[in-house]
Structure formats: C-alpha cells, structure tokens
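Here the structure is laid out as structure tokens; the discussion comes afterwards.
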Protein chains: 2
Amino acid sequence: MKSPRVLNADALVLIARRFGVLAEPMRLRLLHALFGGEQSVGELVRRTGGTQANVSRHLQTLAHAHLLTRRKDGLQVFYAIADPSIFQLCELVCGSLEKQLAKQAGVFAR
Amino acid sequence: MKSPRVLNADALVLIARRFGVLAEPMRLRLLHALFGGEQSVGELVRRTGGTQANVSRHLQTLAHAHLLTRRKDGLQVFYAIADPSIFQLCELVCGSLEKQLAKQAGVFAR
DNA sequence: AATTTATATGAGCATATGCTCATATAGTAC
DNA sequence: GTACTATATGAGCATATGCTCATATAAATT
C-alpha cells in the first residue's frame with residue numbers, strides 16, 4: 001500500500017471532472033462499445049441506438065477529457081479508447097457494485 | 001486480463017450513478033479527509049471549511065451510495081469509508097490524470 | 001422542563017447538464 | 001460546380017444538482 005496522496009483543491013476539481021465525464025449512461029455505453037476497438041460515429045450510433053447528434057456530443061465530451069482519440073478518415077470519424085485505465089476503472093466500480101448488491105440481496109435471502 | 005463484462009442498460013445506470021457521486025469536489029474532499037479514518041460531522045466541517053448544511057448533505061449522498069458508513073454516538077455522528085475500492089479508484093484516476101498532464105506539459109518542455 | 005449542542009432537512013435560487021431539432025461543415029462523387 | 005453523406009454544432013427547453021438560509025430534530029446538561 002502506498003501512502004495516501006495529498007490533494008489540493010485544484011486536483012480535486014480535476015478528479016471530480018474526470019468522474020463527471022464517466023457519470024452518464026450513454027457515455028459509458030459508448031466506452032463499452034469501444035472496448036473492442038476503434039469505431040466510426042455512425043457505427044456507434046447504430047450500436048447504441050442514440051441519435052446522431054447526441055452520440056456526437058458525448059463523443060466530443062469523452063475526447064475533450066482525453067479518454068478517447070479522434071481520427072478522421074474521409075467522411076468518417078473514428079473514435080477509440082485513449083486511456084486504458086478506463087478498463088480497470090470500470091472493473092473496480094462494477095466489482096464494488098456487485099458486492100454491494102449481493103450484500104443487499106442477502107438481506108432477503110434467508 | 002479478464003474478458004470484458006457485458007453490461008446492460010440498468011447496470012450502466014448504476015455505474016453512472018456511482019461515478020456521479022464521485023463527481024463533486026466537496027465529496028472528494030470529504031472522502032479524502034476520511035482516508036485516515038472515522039470522523040464526526042463537526043470535525044469534517046472544520047477540516048473542509050464547508051458549511052454545516054452542505055457537508056451534512058454531501059455526507060448523506062455518500063452514505064446513501066454506500067460509500068460511507070454512519071454511526072451515531074450521543075450528539076455526534078461519525079462517518080467512515082465503507083468501500084475500500086475508493087482508494088484504488090482515486091489512485092487510478094489520479095495516476096491517469098498525472099500522466100495526461102505530464103504529456104501536455106511535455107508539449108511545451110522542449 | 002428549559003437550554004444547549006450536533007446534525008439533518010425543507011425551500012428557493014442559480015447553474016450545469018442532457019436531449020432534440022434544425023442547420024452548418026467537410027469530404028466524396030458525379 | 002451540384003448533390004450526397006457523415007459528423008458537428010447552435011439554440012432552446014427540461015431536468016438535475018449544488019448552495020444557502022432558516023428551521024427541525026435529537027441527544028445531553030442543568
């Protein structure tokens with residue numbers, strides 16, 4: 001175990017923003033769809049069932065946060081996961097939630 | 001590496017909520033203050049410099065999300081970190097942000 | 001019971017966020 | 001050039017979120 005970080009106000013704002021970017025189901029949906037690799041916007045629209053405008057906006061949000069890379073090829077734009085820590089982040093949160101829900105379920109399961 | 005999870009819409013909403021809880025500087029401040037162990041509300045008010053009302057609200061939010069435990073003793077209420085995955089979560093995000101900022105700094109540092 | 005202390009909460013305001021529709025931009029094909 | 005396709009974006013609305021002030025609740029003290 002490392003000693004805990006000391007965090008100043010600015011750092012906390014940055015961290016909060018990062019979490020905020022991950023705090024939308026559609027953005028998580030997009031990240032999830034990109035787990036398998038680079039996809040075009042159109043492909044992501046099809047996969048997620050969102051509107052083109054909305055998907056485009058969320059992709060921008062993710063890209064501005066440096067969680068996605070953007071590559072333009074002709075008419076299409078391809079996005080891909082830029083920050084592999086996303087995978088671990090999702091694993092951590094999913095694991096924690098699963099444990100929590102299992103515990104809650106246990107209250108009834110006797 | 002484990003194979004990536006399959007996530008349905010409900011799961012994504014839960015995960016998004018969890019991230020949302022972490023997406024406020026004051027809540028991160030409170031978690032950070034609790035890294036060293038259980039604290040009373042009053043103590044947390046002093047440490048964070050927030051108002052009593054605001055700190056109390058944020059603590060509730062964190063407790064409702066099962067990230068904090070609540071223990072009442074006489075007049076005081078003590079909160080503590082309930083989910084140790086928080087530590088790893090913060091480490092991950094901090095590490096990722098540091099890397100990102102270092103890269104951005106490098107653009108100028110030549 | 002009345003007073004004091006610690007915490008929680010209702011109400012209201014201000015700001016942020018997400019969504020949609022329509023339109024703009026940029027690249028391709030003719 | 002014109003027409004077409006893929007993506008981005010401005011505007012406006014609806015909802016969510018956070019903050020503060022005042023007040024409520026709950027426990028301890030006298």
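Below, chains carry the letters A, B, ... as their sequence lines are ordered, and counting in each starts from 1. Just so it is clear, the values below take in all heavy atoms, side chains as well, and ignore hydrogens, waters and symmetry mates.
Remark: the backbone N or O of A/Gln52 is not paired with any side-chain donor or acceptor of A/Ser56 at under 3.5 angstrom. No donor-acceptor distance shorter than 3.5 angstrom exists from the side chain of A/Asp73 to the backbone of A/Gln76, with no hydrogens or angles considered.
Annotation: side chain to side chain contact (heavy atoms under 4.5 Å, CB included) contacts of A/Ala23 (sequence neighbours excluded): B/Phe19. Legend: residues meeting side chain to side chain contact (heavy atoms under 4.5 Å, CB included) with A/Ala82, ordered by chain and number and at least two apart, are A/Thr69. The side chain to side chain contact (heavy atoms under 4.5 Å, CB included) test applied to A/Leu101 returns A/Gln104, B/Leu14, not counting sequence neighbours. With sequence neighbours left out, B/Arg71 forms a side-chain hydrogen bond (donor to acceptor under 3.5 Å, both in side chains) with B/Glu38. B/Glu24 pairs by the side chain to side chain contact (heavy atoms under 4.5 Å, CB included) definition with B/Arg27, not counting sequence neighbours.
For residues 46-64 of chain A, the salt bridge (charged side-chain N to carboxylate O under 4.0 Å, His left out) pairs, not counting sequence neighbours, are A/Glu43-A/Arg46, A/Glu43-A/Arg47. Applying the salt bridge (charged side-chain N to carboxylate O under 4.0 Å, His left out) rule to pairs touching residues 7-22 of chain A yields A/Arg18-A/Asp83, sequence neighbours excluded. Applying the salt bridge (charged side-chain N to carboxylate O under 4.0 Å, His left out) test to residues at least two apart or on different chains, the pairs with a partner in residues 98-108 of chain A are A/Glu98-B/Arg5.
Put simply, the side chain of B/Asn54 does not reach to within 4.5 Å of the side chain of B/Val45, judged on heavy atoms.
When every heavy atom of A/Phe78 is checked against every heavy atom of A/Ser40, the shortest pair comes out as CD2-N, 3.5 Å.
Contacts between residues 69-79 of chain B and DNA chain D, counted as heavy-atom distances below 4.0 Å, involve B/Lys72, B/Gly74, B/Leu75. Listed by residue number, the members of residues 48-67 of chain B with any heavy atom below 4.0 angstrom from DNA chain C are B/Gln52, B/Ala53, B/Ser56, B/Arg57, B/Gln60. The stretch residues 23-30 of chain A touches DNA chain C through A/Glu24, A/Arg27, each having a heavy atom within less than 4.0 Å of the strand.
Put simply, chain B comes within 4.0 Å of DNA chain D, heavy atom to any atom, from D/dG18 to D/dA28, going 5' to 3'.
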